[in-house]
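Let me begin by presenting the structure, written as structure tokens, before commenting on it.
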Amino acid sequence: MITEFLIKKILSEILLENRVSESVIEQNLISYYYKELLCEALLFGEPLTIKELRDLLRKKILHFEFVKLDGTVRDVKKATLMMKHIPQSAHPKGIRPSNPTKVATWYDLTKHDWRSTSVKSKEIVLKQDFKTKKP
């Protein structure tokens, strides 16, 4: 499975020509490339962690699918955590703590309701929009 650590290691090898990143500037550059430019492209079709899913949902409207506990596949066409896309009436009224590495909650723009998935789900995969080639 491709992980954030592995992607950053590969980026470091490419950008720094196989030498170890020793400066904060180099580490920030690698993080920038990962977060802003390459993360989604490298993760298409690859299993995501709950943390990666939550991070992407905070920045974008995503199309992804996951295997539910009963074995069926849930295709989530449009999901986000960006409040500007969520109707005011559906905004959270308070804070319900959840473990950020175990549960991802999102607003489903198609079903107009909150949904979630957990690490118990067998696989979460980011999907591309066939027209735009973006999530």
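Only this structure's heavy atoms are used, side chains among them; waters, hydrogens and symmetry mates stay out. We count residues from 1, following the sequence as given. These numbers come from a predicted model, not from an experiment.
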(message) As a quick check of understanding, evaluate salt bridge (Lys or Arg N to Asp or Glu O under 4.0 Å) for D55 and K59, giving each step before the final call.
(response) CA-CA 7 Å; D55 289 346; K59 298 188 291 187; over 6 Å; no

(message) If hydrophobic clusters are built from ILVMFWY residues whose side chains come within less than 4.5 Å, do L48 and V119 share one?
(response) yes

(request) Could you grab the distance from atom OG1 of T49 to atom NZ of K102, nearest 0.5 Å is fine? (result) 14.0 Å

(message) Could you work out, with side-chain hydrogen bond (donor to acceptor under 3.5 Å, both in side chains) as the rule, every residue matching S121, not counting sequence neighbours?
(response) T117

(request) List the atom of D108, the atom of T110, and the distance in Å for their closest heavy-atom pair. (result) OD1-N, 2.9 Å

(request) State yes or no: do F66 and V73 share one hydrophobic cluster built from I, L, V, M, F, W and Y residues joined by side-chain heavy-atom distances below 4.5 Å, directly or via other members? (result) no

(request) With rounding to the nearest 0.5 Å, note down the distance linking CG in L109 to NZ in K111. (result) 12.5 Å

(request) Measure the spacing between CG of L62 and NZ of K60 and express it to the nearest 0.5 Å. (result) 8.5 Å

(message) Please tell me whether V103 and V67 are part of a single hydrophobic cluster in this structure, the criterion being side-chain heavy atoms less than 4.5 Å apart.
(response) no

(message) Suppose we screen for side-chain contact (heavy atoms from CB on, under 4.5 Å). Which residues come up paired with D113, at least two apart in sequence or across chains?
(response) R115

(request) Could you tell me whether the side chain of Y107 and the main chain of H112 form a donor-acceptor pair under 3.5 Å? (result) yes

(request) List the steps and the verdict of side chain to side chain contact (heavy atoms under 4.5 Å, CB included) for W106 and V76. (result) CA-CA 10 Å; W106 69 88; V76 182; 3.6 Å; yes

(message) I need the full list of side-chain hydrogen bond (donor to acceptor under 3.5 Å, both in side chains) pairs touching residues 77-94, with sequence neighbours left out, sorted by first then second residue.
(response) D75-K77

(message) Can you tell me how far apart CE (M82) and CD1 (I86) are? Round to the nearest 0.5 Å.
(response) 8.5 Å

(request) Measure across A104 and I50 and return the closest heavy-atom pair with its distance rounded to 0.1 Å. (result) N-CG2, 3.7 Å

